[in-house]
2 protein chains.
Amino acid sequence: METGTETLEVGPAAADSWALLRSLFGLQRRRFLIAASELDLHPAQAGALLQLGAPLPMNELAYRLACDNSNVTGLIDRLEARGLVVRRPSFDDRRVKHVVLTDAGRELRERMLEHVARPTPGFARLTAAAQLQLAGMLRRILDDDPGGIDIT
Amino acid sequence: METGTETLEVGPAAADSWALLRSLFGLQRRRFLIAASELDLHPAQAGALLQLGAPLPMNELAYRLACDNSNVTGLIDRLEARGLVVRRPSFDDRRVKHVVLTDAGRELRERMLEHVARPTPGFARLTAAAQLQLAGMLRRILDDDPGGIDIT
DNA sequence: TATTGTTATACTCTATAACTATA
DNA sequence: TATAGTTATAGAGTATAACAATA
């Protein structure tokens with residue numbers, strides 16, 4: 001419940017902050033779509049590539065992309081046809097297949113990250129101290145929410 | 001493109017904050033996709049609806065969704081067929097058509113917003129003072145970036 | 001000449017249901 | 001029985017090129 005003496009409540013200040021965050025999300029989404037287009041990736045393909053920093057079972061990928069398992073089959077089919085990923089059967093559970101990036105896939109993922117993992121220019125207007133504070137707040141917000149999933 | 005040659009120096013604290021922000025983007029993207037699915041909207045349709053807080057020319061919509069004009073034609077066709085929007089010719093420029101929400105469209109947009117415009121639960125872990133600070137920093141970051149566009 | 005919106009085409013995404021092979 | 005992945009299908013998204021109307 002209350003972890004401190006201060007009021008922990010989603011008040012008007014939070015609504016304000018969240019509206020601003022949504023604007024930032026919008027900017028980042030545009031960056032993501034433009035980057036994907038420049039690399040000849042459909043948005044869903046680009047999103048999948050970003051998820052694959054480590055090998056992932058098909059169904060985990062479906063969960064992260066908030067889509068049905070059957071979509072992932074076709075999605076991975078096409079990435080595999082382009083030589084960006086391979087399917088690797090699991091040792092533990094013979095129903096499961098892990099999706100693994102090839103060298104080409106890793107390279108393309110890196111180029112995607114160059115576009116989306118760089119902070120927006122506006123970030124430079126914060127002092128180093130403010131940036132540290134910001135990081136602290138974000139860590140607090142994200143704490144034990146279901147997984148730091150980077151989609152964009 | 002914003003990946004121009006003038007690289008402003010953003011320190012490791014900014015990179016850290018940005019990584020955390022991207023995790024938050026990912027969570028919000030999932031919320032958005034699930035909300036759209038629950039309201040029987042394809043992600044692109046849900047995104048368009050959110051843009052239409054005020055009437056918008058077709059090409060402006062295409063810009064905000066980072067897609068081609070021709071996509072918007074079909075997208076709006078389907079929303080119009082569902083009675084969610086109407087096309088209204090512009091007075092100033094007879095080539096232009098504005099997209100306007102109907103009452104049903106406005107109502108559905110409100111329901112979308114109920115899902116995505118509410119801060120994540122983790123927000124409650126920030127004190128009111130911290131929430132105000134956060135809003136201030138975000139305003140600074142967004143200042144004179146190209147438009148507060150809320151996609152998700 | 002350039003721009004707005006449309007059409008036509010080809011490919012990809014997405015949800016649903018039915019199927020298989022494992023568990 | 002339940003789950004992971006596939007297939008088949010239908011409807012929607014997306015990029016490209018070509019086009020008519022307007023600027």
Side-chain angles (χ1 to χ4, degrees), chain A residues 29-30 32-52 55-82 84-100 151-152, chain B residues 29-30 32-52 55-82 84-100 151-152:
Chain A
R29 180 72 187 166
R30 262 186 62 79
F32 168 82
L33 291 171
I34 291 168
S37 168
E38 284 179 358
L39 298 178
D40 274 311
L41 291 167
H42 276 249
Q45 295 175 335
L49 229 54
L50 287 182
Q51 294 300 323
L52 290 169
L56 246 41
M58 303 280 284
N59 67 336
E60 172 65 17
L61 205 43
Y63 171 78
R64 298 202 186 191
L65 301 175
C67 71
D68 194 82
N69 280 358
S70 62
N71 299 330
V72 177
T73 296
L75 184 61
I76 295 305
D77 279 351
R78 282 160 216 125
L79 292 178
E80 199 165 27
R82 281 178 63 173
L84 300 173
V85 303
V86 293
R87 286 167 162 96
R88 197 173 58 192
S90 165
F91 296 114
D92 307 329
D93 185 334
R94 290 166 62 190
R95 294 172 302 178
V96 173
K97 296 177 188 173
H98 292 269
V99 183
V100 189
I151 286 187
T152 56
Chain B
R29 180 72 187 164
R30 262 186 62 80
F32 168 83
L33 291 171
I34 290 168
S37 168
E38 284 178 359
L39 297 177
D40 274 310
L41 291 167
H42 275 249
Q45 297 177 332
L49 229 54
L50 288 182
Q51 295 298 324
L52 290 169
L56 246 41
M58 303 277 287
N59 67 333
E60 171 65 17
L61 205 45
Y63 170 78
R64 297 202 187 191
L65 301 175
C67 71
D68 194 82
N69 280 357
S70 61
N71 300 330
V72 177
T73 295
L75 185 61
I76 296 305
D77 278 351
R78 280 160 217 123
L79 291 179
E80 200 166 25
R82 280 177 66 172
L84 299 173
V85 303
V86 293
R87 286 167 162 96
R88 199 173 56 191
S90 166
F91 296 114
D92 305 330
D93 186 334
R94 290 165 63 190
R95 293 173 302 181
V96 174
K97 297 176 188 173
H98 292 269
V99 183
V100 189
I151 287 188
T152 56

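Throughout, protein chains are lettered first and strands after them, A, B, ... in sequence-line order, and every chain is numbered starting at 1.
Atoms CG and CG, on L75(B) and L65(B) in that order, are 7.0 Å from each other to the nearest 0.5 Å. For the atom pair CZ (R64(A)) and CG (L50(A)), the distance works out to 11.5 Å, reported to the nearest 0.5 Å.
Distance L41(A) CG to dC11(C) C1': 15 Å, rounded to the nearest Å. Rounded to a whole Å, the CG atom of D40(A) is 13 Å from the C1' atom of dT14(D). The distance from atom CG of L56(A) to atom P of dG5(D) is 10 Å, rounded to the nearest whole Å. Here dA4(D) presents its P atom at 14 Å from OH of Y63(A), a figure rounded to the nearest Å. One can place CG of D68(B) at 18 Å from P of dA10(C), the figure rounded to the nearest angstrom. Atoms CE (M58(A)) and P (dT3(D)) sit 18 Å apart, rounded to a whole Å. In this structure, the CG atom of L49(B) is 12 Å from the P atom of dG13(D), given to the nearest Å. Between L65(B) atom CG and dG5(C) atom P there is a gap of 13 Å when expressed in whole angstrom units.
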Check the pair K97(A) / V86(A) against side chain to side chain contact (heavy atoms under 4.5 Å, CB included), numbers first and verdict last.
-> CA-CA 10 Å; K97(A) 296 177 188 173; V86(A) 293; over 6 Å; no

Begin from the C-alpha positions of L56(A) and H98(A) and carry the test side chain to side chain contact (heavy atoms under 4.5 Å, CB included) through to its verdict.
-> CA-CA 5 Å; L56(A) 246 41; H98(A) 292 269; 6.0 Å; no

Residues Q45(B), R82(B); criterion side chain to side chain contact (heavy atoms under 4.5 Å, CB included); working and verdict = CA-CA 11 Å; Q45(B) 297 177 332; R82(B) 280 177 66 172; 3.9 Å; yes

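For the segment residues 71-79 of chain B, the set of residues with a heavy atom within less than 4.0 Å of an atom of DNA chain C comprises T73(B), in numerical order.
For the OP1/OP2 pair of dA4(D) and a distance below 4.0 Å, the side-chain nitrogens and oxygens of R87(A) include no atom meeting the criterion. Proximity of Q45(A) to the phosphate of dT12(C): no side-chain N or O atom is located under 4.0 Å from OP1 or OP2. When the side-chain nitrogen and oxygen atoms of N59(B) are compared with OP1 and OP2 of dT4(C), one or more of them lie within a distance under 4.0 Å.
Between L52(B) and V85(B) the shortest heavy-atom distance is CD1-CG1, 4.0 Å. In this structure, L79(A) and A48(A) approach most closely via the heavy-atom pair CD1-CB, 4.3 Å.
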Contacts table for residues 66-73 of chain B: side-chain donor-acceptor under 3.5 angstrom, sequence neighbours left out:
from: D68(B); atom 1: OD2; to: S70(B); atom 2: N; distance (Å): 2.9
from: D68(B); atom 1: OD2; to: S70(B); atom 2: OG; distance (Å): 2.8

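For the pair N69(B) and P57(A), both in contact range of DNA chain D, the more 5′-proximal nearest nucleotide belongs to P57(A). Each of S70(A) and V96(A) was matched to the nucleotide of DNA chain D holding its nearest heavy atom; the match closer to the 5' end belongs to V96(A).
E60(B) places no side-chain N or O within 3.5 Å of a backbone atom of P57(B) that could act as its donor or acceptor partner.
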When you compare the protein's N or O atoms with those of nucleotides 20-23 of chain C, which come within less than 3.5 Å of each other, and at what distance?
from: dA23(C); atom 1: OP1; to: R94(A); atom 2: N; distance (Å): 3.1

